Protein chains: 2
Amino acid sequence: MIVKLLSEVTRMTAQPEADQLPVAGIQQLLAALQDPVRLEMVRRLVDAGGEAQCKLLYDGVGKSTAAHHFKILREAGITERLTVDGTVHQRLRAADVDDVAPGLLDAVVGAAQRATD
Amino acid sequence: MIVKLLSEVTRMTAQPEADQLPVAGIQQLLAALQDPVRLEMVRRLVDAGGEAQCKLLYDGVGKSTAAHHFKILREAGITERLTVDGTVHQRLRAADVDDVAPGLLDAVVGAAQRATD
DNA sequence: CGCCTGGTTCGATGATCGTCAAACTTCTTT
DNA sequence: AAAGAAGTTTGACGATCATCGAACCAGGCG
């Protein structure tokens, strides 16, 4: 539900961004969300309203490892990199993912959120 | 939607089965569904109405590999092994999974189904 | 300018995972 | 009883993956 609302908001405010790579298939989406570190990143992104500074999205791993995970999330089409105020941010492409796998982000993040409470 | 209805049916007809291992966390569920062979197994299980003979659930891999994947699905709590007419069957624990991760199976299988059409 | 913060890229390493063949069990069938 | 079909287990091999440190590339600020 949270993600669904997020999808609407981001659909409204999304910059064109023109040519960004398409969201990957369900296979690759699941592979991307399967990792604990990456799932936490996505969970925090939802918590933050769909967009956040990289630094705030991880804990317990080095920044080179974090950059590696960001890349995988981006290549799966789950997030995109954008620059706000000169600092790099990650944005959750909730609406795009929902087009390929309706309800997936909601189910996954919801379960993760409940497991974190 | 298909899975949701399936959950209801299986909830009705499920044998007690008493002490079966609990469904794993979202992490392990995603890890189990991430593999192409296993996702296809689950997809075919849904197609078959929630229960099928092992043999009908895979193609292109040896039966030892298939047995390995069945084990992983079982350990994640996604399926259970039951014997019908003397032959081993795999049953999708749709309702149990839906308790831990509501909507997950629907989203994943739905996307997989659409990608297979 | 020089320094620090925030991210990325590039090997390298260690662990995990998917795959197979072979041996074994059980049930069915002839 | 013998033969076959269906699944599982084990051990081994190759590939993929997560992690790290180090070097590198921006901006922002002293």
Side-chain angles (χ1 to χ4, degrees), chain A residues 17 20-21 24-45 48 51-93 112, chain B residues 17 20-21 24-45 48 51-93 112:
Chain A
E17 296 297 342
Q20 62 182 0
L21 82 166
I26 181 65
Q27 211 70 74
Q28 195 174 340
L29 286 176
L30 292 174
L33 295 172
Q34 170 251 1
D35 183 88
V37 177
R38 291 193 290 266
L39 180 53
E40 174 67 10
M41 285 171 166
V42 172
R43 202 190 61 78
R44 291 194 191 185
L45 265 179
E51 183 179 327
Q53 195 177 188
C54 302
K55 200 192 181 182
L56 305 172
L57 297 176
Y58 64 94
D59 269 327
V61 294
K63 61 178 179 175
S64 62
T65 302
H68 162 71
H69 289 305
F70 286 140
K71 185 175 184 179
I72 291 183
L73 286 175
R74 261 181 270 125
E75 288 174 346
I78 296 175
T79 62
E80 70 179 343
R81 176 166 39 183
L82 68 162
T83 310
V84 177
D85 313 325
T87 71
V88 178
H89 281 228
Q90 303 286 338
R91 189 185 75 88
L92 189 65
R93 297 174 58 186
Chain B
E17 297 297 343
Q20 61 181 1
L21 81 165
I26 181 65
Q27 211 71 72
Q28 195 174 340
L29 286 176
L30 293 175
L33 295 172
Q34 170 251 2
D35 183 87
V37 177
R38 291 194 289 267
L39 181 52
E40 174 67 9
M41 285 172 166
V42 172
R43 202 190 61 80
R44 292 193 189 185
L45 265 178
E51 185 179 325
Q53 197 178 186
C54 301
K55 203 195 180 181
L56 305 172
L57 298 176
Y58 64 95
D59 270 326
V61 294
K63 61 179 181 177
S64 63
T65 301
H68 162 70
H69 289 304
F70 285 139
K71 186 175 183 179
I72 291 183
L73 286 176
R74 261 181 270 123
E75 287 174 345
I78 297 177
T79 62
E80 70 179 343
R81 176 165 40 183
L82 67 161
T83 310
V84 178
D85 312 324
T87 72
V88 178
H89 281 228
Q90 302 285 339
R91 189 186 76 86
L92 189 66
R93 296 174 58 186

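The chains referred to below are lettered A, B, ... by the order of the sequence lines, with proteins before strands, and numbering in each begins at 1. Remember, predicted model here, so these are calculated numbers, not experimental data.
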> Between C/dG6 atom P and A/Asp59 atom CG, what is the distance in whole Å?
Replying inline: 13 Å

> Rounding to a whole Å, what distance do you find between B/Asp35:CG and C/dG18:C1'?
Replying inline: 7 Å

> Are any non-hydrogen side-chain atoms of B/Arg38 and B/Ile72 less than 4.5 angstrom apart?
Replying inline: yes

> Nearest of D/dA18, D/dC20, D/dG7 to any side-chain atom of B/Val88?
Replying inline: D/dG7

> Which part of the nucleic acid does A/Ile72 contact within heavy-atom distance under 4.0 Å: base, sugar-phosphate only, or nothing?
Replying inline: sugar-phosphate

> Rounded to whole angstroms, how far apart are NZ on A/Lys55 and P on D/dG27?
Replying inline: 19 Å

>> Using whole Å, what does the distance between atom C1' of nucleotide C/dT16 and atom CD of B/Gln27 come to?
In response: 15 Å

> What nucleotide among C/dT19, D/dA6, C/dT8 has an atom nearest to a side-chain atom of B/Lys63?
Replying inline: D/dA6

>> Nearest whole Å is fine: how far is D/dA6 C1' from B/Asp85 CG?
In response: 14 Å

> Between C/dG7, D/dA18, C/dC20, which one does the side chain of A/Cys54 approach most closely?
Replying inline: C/dG7

>> Is there, by distance only and without an angle test, a donor paired with an acceptor across the side chain of A/Thr87 and the base of C/dG6 below 3.5 Å?
In response: no

> Any idea which of C/dC10, C/dG18, C/dG6 is nearest the A/Ser64 side chain?
Replying inline: C/dC10

> Once you round to the nearest 0.5 Å, how far does CG of A/Leu92 lie from CE of A/Met41?
Replying inline: 13.0 Å

>> Rounded to whole Å, please give me the gap between NE2 in A/His89 and C1' in C/dT5.
In response: 14 Å

> Under 3.5 Å, is there a donor-acceptor pair between the side chain of A/Arg43 and the main chain of A/Ala112?
Replying inline: no

> Where the side chain of A/Arg74 is concerned, which of D/dG7, C/dT8, C/dT19 is the nearest nucleotide?
Replying inline: C/dT8

> What nucleotide, of D/dC20, C/dC20, D/dA6, holds the atom closest to the side chain of B/Thr65?
Replying inline: C/dC20

> Quick one: which of C/dT8, D/dA18, C/dT19 gets closest to the side chain of A/Phe70?
Replying inline: C/dT8

> Counting just side-chain N and O atoms, does B/His69 come under 4.0 Å of either OP1 or OP2 of C/dC17?
Replying inline: no

> Should A/Phe70 and A/Leu57 count as side-chain neighbours, where that means a heavy-atom distance under 4.5 Å?
Replying inline: yes

> Distance from B/Leu21 atom CG to B/Glu75 atom CD, nearest 0.5 Å?
Replying inline: 8.0 Å

>> Between B/Arg91 and B/Glu80, is the salt bridge (Lys or Arg N to Asp or Glu O under 4.0 Å) condition met? List the steps.
In response: CA-CA 5 Å; B/Arg91 189 186 76 86; B/Glu80 70 179 343; 2.5 Å; yes

>> By nearest atom, which of the nucleotides D/dT8, D/dT9, D/dC20 is closest to the B/Lys71 side chain?
In response: D/dT9

> Nearest to the side chain of A/Val61, which nucleotide is it out of D/dC20, C/dG18, C/dT8?
Replying inline: D/dC20

>> Measure CG/A/Leu33 against P/D/dA18 and give the value in whole Å, please.
In response: 12 Å

>> Using the side-chain heavy atoms of B/Ala67, tell me which of these nucleotides is nearest: D/dT8, D/dG21, C/dG18.
In response: D/dT8

> Rounded to the Å, how far apart are B/Gln90 CD and D/dA6 P?
Replying inline: 15 Å

